[in-house]
Amino acid sequence: MVETAGCCGLLQACCHRHDPQTYIIQGEFEIDRSPWFSLCASGLSVVVRLYSQDNKDPTTRKGIKSENAYVMKGKELERKKHEVLSMKVPTKVIKFKLKFEVTRDFGIPGAFVVENRDKKHEFFLKSVTLHYIKHPIYPITKTRFKRIFFSDQLYRPNKTPQGLVELRKKELQKLQDPRRKGEWNPWDQIYDYDVYNNLGDPENGRLYDRPVLGGSTKFPYPRRLKTGHPNCQRDHSRESGPASCFQFYVRPDERMSDEKLQELKNNFVEALIRFLAPESTLQHLWDRECPDFVTKVAHFFVPKAAISKKDVRFIRSIIDFCRKLKLPSSHGGPSRSVSDPSGEQDIFEDIIGFYADKEVEDIFDSDKQRLEKLVPKEILNQVVATLALKRQHVSAQLPSIIAEDKVAWAEDKEFGRQMLAGTNPVRIRHLKAIEANRAFILDHHYLEQFLTMINGKGVCAYATRTILIAPDLSSVTLQPVGIELSLPGDSPRLVLPQDTLLWEFAKFHVSSNDAAYHQLVSHWLHTHAVVEPFIIATRRRLSVMHPIHRILDPHFEDTLHINALARAIFLNAGGILETLLFTGEYSMELSSHLYKEWRFDKQALPEDLLERGMAKRRVRDEVVSGPMEQVGTDKSSNKAATGAEQTMFEVDAEVELVLEDYPYAKDGIEIWTAIETWVTEYCSVFYHNNNDVKEDEEIQEWWNEVKTRGHKDRNEGWYDINTFESLVKALATLIWITSGLHAAVNFRQYGYGEEEVYKEVNIMKFVEEMLPDKFQMKLALAVMDLLSRHTSDEIYLGQTSPQKEWPLIEGHDSIIQKKFKEFGENLEAIERNIKERNKEYLLMNRWGYAKIPYKLLYPDTSKSMRPTSKEKGKHHPEKTDINERGIPNSISV
């Protein structure tokens with residue numbers, strides 16, 4: 001018996017002599033089905049057929065096919081049960097051993113087709129290939145076609161085995177299916193583009209009407225995944241939403257797992273309970289140390305039988321009332337609380353109280369009513385049900401910047417440092433030829449044209465320009481020296497630091513503007529929104545057998561699903577972002593306006609830094625030790641010190657930074673270089689010259705569709721992919737956006753976002769009408785808590801998914817695995833570099849006044865789970881936030 005590498009790893013071509021003219025191929029199929037789905041007794045409900053990759057049937061021009069194999073006629077190997085978290089319903093996982101009869105000239109299997117003849121129910125094909133994600137197999141009466149699966153072998157289009165050429169084309173045609181009309185269902189395996197016509201809800205009145213984004217010069221925008229939902233009755237240009245935001249169309253292959261979705265829901269519920277529960281203070285020390293104190297005192301005076309639990313609760317309520325009672329001051333001053341004998345009330349204690357340990361029973365009715373308009377009914381019901389079950393003891397990790405020093409953010413130098421290492425380090429620009437090249441600007445003047453509309457809603461906002469000076473260009477923080485405030489039709493006003501109160505007022509407006517820009521542009525538009533068209537085009541134009549589809553796939557995981565959730569909960573009319581940001585109902589119009597500045601050719605990190613003047617191009621013939629060079633250059637000493645030789649990584653550096661102590665850029669350039677090196681090595685396995693790129697018809701169609709359909713409203717900033725170098729640059733840019741850039745602008749919201757709340761409180765005397773109320777503050781904290789958390793099944797840059805390993809490519813498998821291992825080693829070298837830089841306390845932009853090291857771009861390749869307390873104590877002596885978990889592969893939160 002001879003075994004050959006078969007279709008997808010688990011499938012083995014076993015040459016059992018069943019018939020002189022035929023062979024038998026054996027394979028294992030694992031299916032995941034609900035108890036409501038029953039395979040027909042006849043054994044004919046699920047049919048599987050193999051196709052050869054080597055030889056074609058001259059009649060069909062497809063690969064030679066095997067005889068049909070039926071699942072129930074196969075041998076059952078294993079049966080087990082597991083729980084579906086969201087429904088608590090047992091689901092059976094069954095393994096079958098099938099036998100396929102093929103002709104002697106069949107060759108190696110290259111694809112298989114599955115046909116589900118059950119009339120009502122679907123099942124999930126969990127594994128046929130090694131570590132593939134589970135694929136839904138819907139009844140053929142619904143899908144109208146049979147699902148095709150290909151082997152792990154990767155081929156450029158002109159290298160596809162003859163038997164798979166037609167199947168490859170057929171599969172892509174099905175995914176495009178331009179004839180599909182009406183609302184789409186989960187079994188409609190289709191990808192298509194649409195404009196953002198689903199943010200508003202005109203059925204609820206004019207207050208919820210929003211313009212369509214995309215398809216016009218006034219409101220350009222990237223395209224989103226089409227859902228096929230019916231149009232609104234009042235306005236046929238707008239799409240109506242589903243009954244629940246969790247029921248919109250996203251292809252099952254693109255949806256996050258039930259477990260991950262439930263974890264996100266649970267995180268949201270916990271965050272709402274943690275921050276929106278009724279305010280209460282910690283029990284007094286005597287109450288914590290002796291919780292039965294009241295009961296024991298009462299029983300000292302009254303027999304136990306004479307006092308009930310209800311009486312004890314009544315006594316407790318009297319004590320609590322007296323503790324909070326306001327008493328007149330003995331010297332005629334303002335009244336003070338019994339619990340505040342000093343008579344001084346720190347205004348920040350209210351906000352710190354949001355994080356305090358407390359027991360909660362229910363959310364205020366007024367807050368419930370507001371939440372009903374903002375969060376999905378399913379989430380709110382879970383909040384209410386959780387609180388109704390029992391009293392909840394909740395607590396929140398105090399953000400590092402507050403835990404260290406609750407007013408550190410108020411320092412001017414910390415204010416400037418945030419522009420280099422805070423939540424939005426991608427807006428600051430260098431002002432050349434001013435103050436010996438030491439001047440920088442944070443420009444939010446684009447807001448001026450929106451201020452008439454925004455301020456017409458009762459807001460008091462200003463457009464701002466902030467000038468900052470670096471005393472020198474080494475390891476010093478930026479010092480803000482002037483802020484320009486402007487309103488439409490008025491002369492701008494320059495505010496200087498010596499104008500003490502006005503200076504704080506001006507800094508508040510800068511922070512508010514930067515927070516809005518961060519959420520609407522740096523985070524949502526420049527990562528989530530701009531990547532979505534690339535995902536759609538990849539699915540429509542690149543076969544799963546295409547090597548570029550394979551390298552991009554891990555970086556697109558769950559993004560379509562999370563974007564759909566964001567449109568339904570965060571970006572919608574009257575939704576969370578409109579409620580929290582001062583830009584209100586004009587938020588997405590502002591995002592659309594700033595999309596006019598977006599160019600793909602400036603999204604590569606080196607190009608972005610050059611465009612903003614934060615770096616200058618290095619002379620190309622100056623070859624230097626690259627950013628991943630280790631501190632010591634003596635390899636033997638390194639080996640002696642560490643027990644292993646340190647990896648060296650030399651590059652022809654593209655740029656050098658204007659500010660050496662620019663943490664986002666310093667760490668980011670190293671991550672970018674590692675990504676670009678990995679992409680170059682991977683692509684070189686499949687493309688040997690520029691002609692190979694030019695002649696790849698799928699790549700050319702993919703890139704053309706991205707430009708002409710996905711980003712149709714942006715004609716500038718595109719280059720042709722007709723060389724090996726341009727292909728590498730495009731792929732490295734996409735991987736950088738989905739991994740490093742998203743990590744840098746998303747995962748520090750909890751650690752630093754709270755300072756905005758403090759700033760708003762600090763200038764209450766100036767702009768009271770612009771401040772959020774406590775509900776908005778607490779909701780903002782809950783949202784930042786949610787967005788900053790990594791899920792337990794997160795896959796990080798440099799790691800391989802447990803469901804999918806890199807393909808075994810004929811003749812190249814060892815090369816791919818070797819290069820990917822080198823990629824991981826380069827990321828480990830970056831970790832060591834960042835650790836060394838984080839030991840340098842003189843790098844003030846990396847540490848800041850709160851002494852929090854910059855770790856947003858720390859790869860943390862050694863583990864995917866959060867470190868234990870022991871690990872933190874041993875390996876991470878500095879303080880950590882909930883977000884310091886590595887760089888996720890994809891935009892999945």
Side-chain angles (χ1 to χ4, degrees), residues 5 7-9 53-54 63 108 110-111 129-132 149-165 167-169 171-172 534-535 537-556 604 673-706 719-736 738-739 797-798 800-801 804-824 826 889:
C7 176
C8 325
Q53 71 175 27
D54 295 329
I108 296 176
T129 64
L130 285 174
H131 303 300
Y132 255 102
F149 295 88
F150 295 98
S151 72
D152 274 346
Q153 306 296 333
L154 299 181
Y155 308 99
R156 297 197 337 255
N158 61 356
K159 298 294 184 180
T160 308
Q162 291 186 351
L164 302 181
V165 171
L167 288 171
R168 182 172 184 154
K169 292 179 180 178
E171 176 67 4
L172 289 176
F534 286 94
I535 301 175
T538 299
R539 304 309 191 210
R540 286 167 51 89
R541 295 297 179 181
L542 298 182
S543 168
V544 293
M545 289 193 291
H546 200 292
I548 303 309
H549 186 290
R550 181 61 60 85
I551 193 176
L552 289 177
D553 187 56
H555 303 286
F556 292 161
T673 305
I675 291 172
E676 187 178 43
T677 302
W678 154 240
V679 172
T680 301
E681 298 288 356
Y682 177 85
C683 289
S684 66
V685 175
F686 304 95
Y687 298 92
H688 305 297
N689 52 56
N690 292 337
N691 283 334
D692 286 349
V693 177
K694 288 180 183 179
E695 295 172 0
D696 189 326
E697 59 186 33
E698 288 186 10
I699 283 291
Q700 299 306 321
E701 290 171 357
W702 169 70
W703 191 242
N704 181 64
E705 184 164 295
V706 167
Y719 45 79
D720 293 330
I721 295 185
N722 50 19
T723 64
F724 180 85
E725 182 181 2
S726 59
L727 175 63
V728 168
K729 184 177 180 181
L731 299 179
T733 299
L734 282 172
I735 295 174
W736 161 252
T738 58
S739 57
L797 194 64
T800 53
S801 165
K804 187 185 296 185
E805 292 184 350
W806 291 102
L808 300 177
I809 306 162
E810 292 181 8
H812 300 302
D813 54 328
S814 59
I815 298 176
I816 292 290
Q817 298 295 349
K818 179 182 177 182
K819 296 304 180 183
F820 190 76
K821 182 180 178 182
E822 290 176 1
F823 177 45
N826 287 336
N889 251 341

Between R156 and D696, is there a donor-acceptor pair closer than 3.5 Å when you use the side chain of the first and the backbone of the second? no
Output the distance between atom CE (M545) and atom CG (L164), rounded to the nearest 0.5 Å. 5.0 Å
CA sep, side-chain torsions, deciding dist, call: E681, S684, side-chain contact (heavy atoms from CB on, under 4.5 Å): CA-CA 5 Å; E681 298 288 356; S684 66; 4.2 Å; yes
If you measure from SG on C683 to CG on L727, what distance do you get to the nearest 0.5 Å? 4.5 Å
Give me the atom names and distance for the closest heavy-atom approach of L167 to A111. CD1-CB, 4.2 Å
Could you give the distance from CD1 (I735) to CG (N889), rounded to the nearest 0.5 Å? 8.5 Å
In short, L542 meets H546 closest at the heavy-atom pair CD2-CD2, 4.1 Å
Please give me the minimum heavy-atom distance between L172 and R540, naming the atom from each residue. CD2-O, 3.5 Å
pair P547-V685: side-chain heavy atoms closer than 4.5 Å: no
Hey, which of K159, R539, R168 is the one that makes salt bridge (charged side-chain N to carboxylate O under 4.0 Å, His left out) with E698? R168
dist I551:CD1 -> L154:CG (nearest 0.5 Å) comes out at 10.5 Å
Shortest non-hydrogen pair, R550 vs V544, comes out as NH2-O, 4.0 Å
Which label fits W678 and F823: parallel for a plane angle under 30°, tilted from 30 to 60°, or perpendicular past 60°? parallel
Evaluation steps, side-chain contact (heavy atoms from CB on, under 4.5 Å), between E701 and E705: CA-CA 6 Å; E701 290 171 357; E705 184 164 295; over 6 Å; no
Which value, rounded to the nearest 0.5 Å, describes the distance between K819 atom NZ and N826 atom CG? 10.0 Å
Keeping Q700 on the side-chain end and I721 on the backbone end, is there a donor-acceptor pair under 3.5 Å? yes
Looking at OG1 of T723 and CG of D692, how far apart are the two atoms once the value is rounded to the nearest 0.5 Å? 12.5 Å
Between W703 and F534, the two heavy atoms sitting closest are CZ3-CE2, 3.8 Å
Apply side-chain contact (heavy atoms from CB on, under 4.5 Å) to the pair T738 and L734, showing each step before the final yes or no. CA-CA 6 Å; T738 58; L734 282 172; 5.6 Å; no
Under the side-chain contact (heavy atoms from CB on, under 4.5 Å) criterion, do V728 and Y682 qualify, and how do the steps go? CA-CA 9 Å; V728 168; Y682 177 85; over 6 Å; no
N/O donor-acceptor pair under 3.5 Å between N690 side chain and F724 backbone: yes
